[in-house]
Each structure stands twice: as C-alpha cells, then as structure tokens.
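Here is the structure we will look at.
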Amino acid sequence: PPATTAPDTTTTPAEDEGDDSDIDWGLIAVIGGIALAVIAVIALIASAASRRSRQQGTLNHRIARVVGASEWVHDQASLDLVGGAYTPDRLRAAWDDTRHRVNDLGVEVNTIAADTHDERLRRELAHLAHALGLLRGALDTSVGLRLQPASQDPRLAMATSESIDVVNQRRHELRAAIMPLAARV
C-alpha cells in the first residue's frame with residue numbers, strides 16, 4: 001500500500017505574524033500615554049482650583065470674623081466705655097476686657113495681612129489695624145481720665161470731654177477702615 005502523508009497542520013511563525021500585523025501596539029501605547037497625561041493635567045488643575053477655593057473661603061471667613069469683631073468694638077464696646085455710668089472698678093474691669101479683645105483683634109488683623117498675597121487687601125488690613133490702635137489709645141486716655149479721683153478741677157472735666165470727642169473721631173476712622181473689608185465678605 002502506498003504510504004500517505006498527513007497534511008502538515010502546524011503553523012509557521014510567518015502565519016502567526018500575519019494575524020497581528022493589523023494592530024500597531026506602539027501607536028496604542030503612545031495614545032494611551034497621551035490620554036493619561038491629559039487626565040493627570042486636568043486632575044492637577046482641578047486640585048489647584050479646589051485648593052485656591054478653600055484658601056479663599058478660609059480667608060473670607062477670617063476677614064468676616066475680623067470685620068464682626070471690629071464692628072463690635074465700634075458699635076458697642078467703645079460706646080459703653082465712653083457713655084456708660086460705671087463705678088471706677090467696673091469701668092477698669094470693662095476697659096481691661098475690651099483692651100484685651102482689641103489687642104487680640106489687632107494681632108489677628110496683622111496675621112491675616114502677613115498671610116495674604118493681595119496687596120490691596122494688605123493695605124486695607126493695615127488701615128484697620130492702625131484705626132484699632134488709634135481707638136485703643138483714645139479709649140485708654142478717656143478711661144484713664146475718668147478714673148482720676150473726682151475733683152473740682154475744671155481742666156480735668158474739659159480734658160475728659162475732649163477725650164470723648166477724640167474717641168468719637170477715632171470711632172469714625174474705624175468705621176471707614178471697616179467698610180472696604182465688610183464689602184469683601
């Protein structure tokens with residue numbers, strides 16, 4: 001009987017390459033790399049925008065607190081100290097408390113000014129800190145005069161009256177310093 005040979009069913013490497021030759025894996029890798037780079041850049045931009053937004057929110061919150069405290073000094077504390085009918089001990093205690101608060105407020109205002117990169121905001125905060133300092137000095141003088149022992153000396157009464165006028169002038173200056181910051185929040 002004649003010998004029959006079986007057809008060769010094994011594939012050669014040349015045939016395998018022909019099946020995959022339609023896909024350019026290098027091009028796919030480049031496109032994938034570009035897509036990942038674009039996604040990374042978008043994520044970085046979104047992260048930076050979110051961080052700036054949080055920082056601006058924190059800054060606005062700090063400014064709002066400073067504005068509120070400054071308005072309290074203007075609207076309530078200074079008027080109470082100048083117009084209140086306090087005994088000397090109560091006047092001294094009220095002034096000590098208010099002075100402490102005004103000092104802390106001045107420190108906070110200066111800290112915010114040092115932290116900000118906005119030159120206009122820095123100037124507005126410096127103006128507020130200056131106005132707070134001037135009012136604190138005027139109140140200190142006025143309270144000090146009122147704590148003097150009662151006497152019939154007309155110069156003391158006139159000095160006390162003039163010190164109240166200075167306090168009112170400093171209150172107006174404080175109001176002017178508060179207004180631009182209040183408009184920000």
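Quick caveat: nothing in here was measured; it's all calculated off a predicted structure. Every heavy atom of this structure was used, including side-chain atoms; hydrogens, water molecules and symmetry mates were not.
Shortest non-hydrogen contact noted between Leu156 and Pro149 is CD2-O, 4.0 Å. A pairwise comparison of heavy atoms in Val166 and Ala138 identifies CG1-CB, 3.8 Å as the closest pair. Pairing each heavy atom of Ala114 with each of Arg122, the nearest pair is O-NH2, 4.3 Å. When every heavy atom of Leu125 is checked against every heavy atom of Val109, the shortest pair comes out as O-CG1, 3.1 Å. Contact between Ser70 and Leu132 at its shortest, heavy atoms only, is OG-CD1, 4.2 Å.
Between Leu59 and Asp118 the shortest side-chain heavy-atom distance does not fall below 4.5 Å. A heavy-atom distance below 4.5 Å is found between the side chains of Leu128 and Leu174. Side-chain atoms of Leu135 and Val102, non-hydrogen and from C-beta on, never get closer than 4.5 Å to each other.
Cluster partners of Ile34, using a side-chain heavy-atom cutoff of under 4.5 Å among ILVMFWY residues and allowing indirect links, are Val30, Val38, Ile42. Here Leu27 is tied into one hydrophobic group with Ile31, each link being a pair of ILVMFWY side chains closer than 4.5 Å.
Going from atom OG1 of Thr160 over to atom CZ of Arg155 covers 12.5 Å, rounded to the nearest 0.5 Å. Distance check, rounded to the nearest 0.5 Å: CH2 of Trp95 to OG1 of Thr98 gives 7.0 Å. A distance of 10.0 Å separates OG in Ser142 from CG in Asp165, rounded to the nearest 0.5 Å.
Contacts classified as salt bridge (charged side-chain N to carboxylate O under 4.0 Å, His left out) and involving residues 136-148 (residues at least two apart or in different chains) are given here: Arg99-Asp140. Applying the salt bridge (charged side-chain N to carboxylate O under 4.0 Å, His left out) test to residues at least two apart or on different chains, the pairs with a partner in residues 102-113 are Arg62-Glu108, Arg65-Glu108.
Exactly one of Leu139, Leu79, Leu134 qualifies for a side chain to side chain contact (heavy atoms under 4.5 Å, CB included) with Arg171. That residue is Leu79.
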Report task. Determine, step by step, whether Val167 and Leu81 satisfy the side-chain contact (heavy atoms from CB on, under 4.5 Å) criterion, reporting the C-alpha distance in whole Å, the side-chain angles of both residues, the deciding distance to 0.1 Å, and the verdict. Result -> CA-CA 10 Å; Val167 166; Leu81 287 169; over 6 Å; no
Only pairs under 3.5 Å count here: list side-chain donor-acceptor contacts from residues 86-93, not counting sequence neighbours, and write none if there are none.
| residue | atom | partner | partner atom | Å |
| --- | --- | --- | --- | --- |
| Thr87 | OG1 | Arg90 | N | 3.3 |
| Asp89 | OD1 | Arg92 | NH1 | 3.4 |

Could you list the donor-acceptor pairs under 3.5 angstrom formed by side chains in residues 175-185, with sequence neighbours left out?
| residue | atom | partner | partner atom | Å |
| --- | --- | --- | --- | --- |
| Arg175 | NH2 | Asp75 | OD1 | 3.3 |
| Arg184 | NE | Glu124 | OE1 | 2.7 |
| Arg184 | NH2 | Glu124 | OE1 | 3.4 |

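Put simply, Val67 and Trp72 are part of the same group of oily side chains (I, L, V, M, F, W, Y) that touch within less than 4.5 Å, one to the next.
The closest donor-acceptor contact from the side chain of Thr111 to the backbone of Val107 lies under 3.5 Å.
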